[in-house]
Structure formats: C-alpha cells, structure tokens
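Numbers for residues simply follow the sequence, beginning at 1.
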Amino acid sequence: MPQTYRHLDLSIDQQHALLTAARRLAEEFTGTFGTETIERFLHTSYDQFALHSTIPNYLPLLAERFARQRLHALARVEGHHDGRPIVLFLCVHNAGRSQMAMGFFQHLAGDRALAWSGGSEFASEINPAAVASMAERGIDISREFPKPWTEEIVRAADVVVTMGCGDACPVYPGRRYLDWELDDPEGKSVEDVRPIRDEIERRVRGLLDDLEIPTA
C-alpha cells in the first residue's frame, strides 16, 4: 500500500508547494520513477532540511532541489545516464570548501561533466566570505545551499573528493577517492579565504586535466 507523507506542522502554502514540487518531479522523471519513489525522496529530503533550516518558507524549494539531485543520482546508479563524469566534493559543513570547488568545477567544465557537493554536518547557509571570494572570480555560488550526502549520490559519483571530513566521509567500492588537505574558511575574512580559493581552483584545474575534460 503506498505510503502517505504528512507534515502536520506545515502551513497551507507549504503543503501546496510540496504538492506542486511532487508534480514537477513526476513530470520530469516520468517513465523512470513512480509516484511513490518520487514522493519518498521529496519528503525525506524535506525532513533532512527541516532539522537545520531557520527559514521554513524555503524548505519545500530546498527539498525539491535536493530530491531532484537524488533522483538523478538514483537513475545513474540504475543505469540511466548520459556518460558524463560526476565529481562529488565533500567537506564538513558544505558551506565553504566543497561549495567553492563545485563552483569552479561547474564554471570550468560547463556541460561536459557534473559536480555535486555535500557535508557530514551540513550548515544552514553558505559561508558569506566564500561567496564573496568566488564572486571576485565571476562565479556566483550565492544560490547554492548546504546539503548532506546520501547513499545514491555517493554511489553515482565517479570521483569523490574529500576535504577534512575524516572518518565521517563515506567509502563505497568502485569510486575513485581524492583527499584534499585545505584550510577551513569558517570564520575567516574574505582576504583570508582568497588563498584557500586559489588553491581550490588549482586543484580543480588539475582534476579536470586528469579527467581529460576541456575547460571553458
């Protein structure tokens, strides 16, 4: 019997937003996943963000965006993919290092590869100094959001780059793992974050060369 998801603390607007999100995802993944799978991913994603968010009105949007990524990952794991390599950047809070690395990777690789990111103890917002330092390079990461990782996301990745999450970082057979030792930008000024940003860019460029992905 299909599971019914109910969040008793939701406002009418939030309930409507989740229903609308479920419809959008159902249209996007028609023929790949059924309604039950889509609703399960959407509502479990909502629950993960509900524990951390201080802005409830944005929860349905965050849940939809994360559920979409998880569904794409699951499709990849189940053999539905377009051949593009996927790189997953992981750190503790998914608010600084991994977000900057993902920003550089997406900017340089364009549509030739995919980049995802996550955190072992994901924060409630992106580090403002990381956002500002990336903006100096013409890369906008302000619309990104800290998020956890899930099993299907790690299993879908071809390369997993870890940055200081230690034993909390997940290990699955068949993935290529890289560990980048980088200073944590948390609590640092934009001036102090710049050297970290530049080192991340250098490493991302090296990874793209190693993967033989032309840069934009």
Side-chain angles (χ1 to χ4, degrees), residues 25 28-29 31-33 37-38 41 44-45 48 62 64-122 126 130 134 137 139-141 143-182 196-216:
L25 291 171
E28 186 173 340
F29 290 94
T32 304
F33 298 116
T37 298
I38 289 169
F41 273 56
T44 54
S45 296
Q48 287 178 300
L62 295 181
E64 179 182 356
R65 290 177 63 184
F66 190 47
R68 179 175 289 107
Q69 179 180 318
R70 292 177 61 197
L71 289 164
H72 278 300
L74 182 60
R76 168 76 176 243
V77 169
E78 294 183 352
H80 305 281
H81 60 84
D82 56 14
R84 290 182 295 173
I86 297 175
V87 176
L88 174 63
F89 296 99
L90 300 178
C91 66
V92 178
H93 301 302
N94 191 216
R97 290 167 291 186
S98 55
Q99 293 285 358
M100 289 191 286
M102 184 175 71
F104 275 122
F105 193 97
Q106 291 175 327
H107 177 73
L108 294 168
D111 60 2
R112 292 174 288 278
L114 297 174
W116 296 336
S117 68
S120 56
E121 301 173 15
F122 69 101
I126 300 289
M134 292 296 287
R137 290 300 184 85
I139 301 173
D140 183 8
I141 63 170
R143 294 185 67 255
E144 295 298 333
F145 58 100
K147 63 191 84 61
W149 61 67
T150 59
E151 179 180 351
E152 66 278 350
I153 286 175
V154 181
R155 290 177 60 202
D158 299 292
V159 181
V160 179
V161 179
T162 60
M163 308 175 188
C165 46
D167 293 339
C169 286
V171 177
Y172 289 90
R175 310 281 77 75
R176 177 186 174 190
Y177 284 86
L178 300 173
D179 184 50
W180 293 355
E181 292 187 12
L182 297 160
I196 303 172
R197 174 204 63 194
D198 294 345
E199 177 62 15
I200 289 172
E201 180 183 9
R202 185 187 71 80
R203 295 190 186 214
V204 168
R205 287 183 179 275
L207 175 58
L208 286 164
D209 287 343
D210 192 41
L211 294 174
E212 298 182 346
I213 298 171
T215 57

Side chain to side chain contact (heavy atoms under 4.5 Å, CB included) evaluation trace for Asp198 with Arg137 | CA-CA 10 Å; Asp198 294 345; Arg137 290 300 184 85; 2.8 Å; yes
Show your working on side chain to side chain contact (heavy atoms under 4.5 Å, CB included) between Thr37 and Leu71 and close with a plain yes or no.
-> CA-CA 9 Å; Thr37 298; Leu71 289 164; 4.2 Å; yes
Worked verdict on His80 versus Phe29 for side chain to side chain contact (heavy atoms under 4.5 Å, CB included) | CA-CA 11 Å; His80 305 281; Phe29 290 94; over 6 Å; no
Side chain to side chain contact (heavy atoms under 4.5 Å, CB included) assessment of Glu78 paired with Glu152 | CA-CA 10 Å; Glu78 294 183 352; Glu152 66 278 350; over 6 Å; no
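Identified under the salt bridge (charged side-chain N to carboxylate O under 4.0 Å, His left out) test for residues 83-111, with sequence neighbours left out: Asp82-Arg84, Arg97-Asp184. Annotation: ring pair (Phe, Tyr, Trp, His ring centres under 6.0 Å) contacts involving residues 144-170, sequence neighbours excluded, comprise Phe49-Phe145.
Counting only distance, with no hydrogens or angles, the side chain of Arg197 and the backbone of Met100 share no donor-acceptor pair below 3.5 Å. Counting only distance, with no hydrogens or angles, the side chain of Arg155 and the backbone of Tyr172 share no donor-acceptor pair below 3.5 Å.
Taking OG from Ser98 and CD1 from Ile200, the interatomic distance works out to 8.5 Å, rounded to the nearest 0.5 Å. From Ile86, atom CD1 reaches atom CH2 of Trp116 across 3.5 Å, with rounding to the nearest 0.5 Å. For the atom pair NZ (Lys147) and OG (Ser45), the distance works out to 11.5 Å, reported to the nearest 0.5 Å. To the nearest 0.5 Å, the span separating CG on Leu25 from CZ on Arg70 amounts to 11.5 Å. Considering OG1 of Thr162 and CG of Leu90, their distance stands at 7.0 Å, rounded to 0.5 Å. With rounding to the nearest 0.5 Å, the separation of CD1 in Ile126 from CZ in Arg143 is 12.0 Å.
Every residue two or more places apart in sequence or in another chain was checked for a side-chain hydrogen bond (donor to acceptor under 3.5 Å, both in side chains) with Gln106, and none qualifies. For Arg176, the salt bridge (Lys or Arg N to Asp or Glu O under 4.0 Å) partners are Asp210, not counting sequence neighbours. In this structure Arg76 satisfies the side-chain hydrogen bond (donor to acceptor under 3.5 Å, both in side chains) test together with Asp158, sequence neighbours excluded. Listed by chain and residue number, Arg24, Arg68 satisfy the side-chain hydrogen bond (donor to acceptor under 3.5 Å, both in side chains) test with Glu64 (two or more places apart in sequence, or in another chain). Phe105 is linked by a ring-ring contact (aromatic ring centres under 6.0 Å, His included) to Phe89, counting only residues two or more places apart in sequence or in another chain. Applying the side chain to side chain contact (heavy atoms under 4.5 Å, CB included) criterion to His107, with sequence neighbours excluded, gives Ile139. In terms of the side-chain hydrogen bond (donor to acceptor under 3.5 Å, both in side chains) criterion, Ser120 has no residue partners (sequence neighbours excluded).
The closest side-chain heavy-atom distance from His93 to Pro146 is not below 4.5 Å. Taking 4.5 Å as the limit, every side-chain heavy atom of Met134 sits out of range of all side-chain heavy atoms of Gln99. Under the 4.5 Å side-chain criterion, counting only non-hydrogen atoms from C-beta, Thr150 is not in contact with Thr44.
Taking all atoms of both residues into account, the shortest heavy-atom contact from Met102 to Ala115 is SD-O, 3.6 Å. Scanning all heavy atoms of the two residues, the minimum distance from Ala156 to Ala73 falls at CB-O, 3.5 Å. Pairing each heavy atom of Thr32 with each of Ala75, the nearest pair is CG2-CB, 4.2 Å. Residue Ile213 comes nearest to Ala113 through the heavy atom pair CD1-CB, 3.6 Å, listed as atom of the first residue, atom of the second, then distance. Smallest separation of non-hydrogen atoms from Ala101 and Met163: CB-CE, 3.5 Å. Summarising the geometry of Asn94 relative to Gly119, their closest heavy-atom pair is CB-N, 3.5 Å, with the distance given to 0.1 Å.
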Donor-acceptor list for residues 202-209 side chains, cut-off 3.5 Å, not counting sequence neighbours:
from: Arg202; atom 1: NE; to: Glu199; atom 2: OE1; distance (Å): 3.1
from: Arg202; atom 1: NE; to: Glu199; atom 2: OE2; distance (Å): 3.4
from: Arg202; atom 1: NH2; to: Glu199; atom 2: OE2; distance (Å): 2.6
from: Arg203; atom 1: NE; to: Glu199; atom 2: OE2; distance (Å): 2.8
from: Arg203; atom 1: NH2; to: Glu199; atom 2: OE2; distance (Å): 3.3
from: Arg205; atom 1: NE; to: Glu201; atom 2: OE2; distance (Å): 3.2
from: Arg205; atom 1: NH2; to: Glu201; atom 2: OE2; distance (Å): 3.3

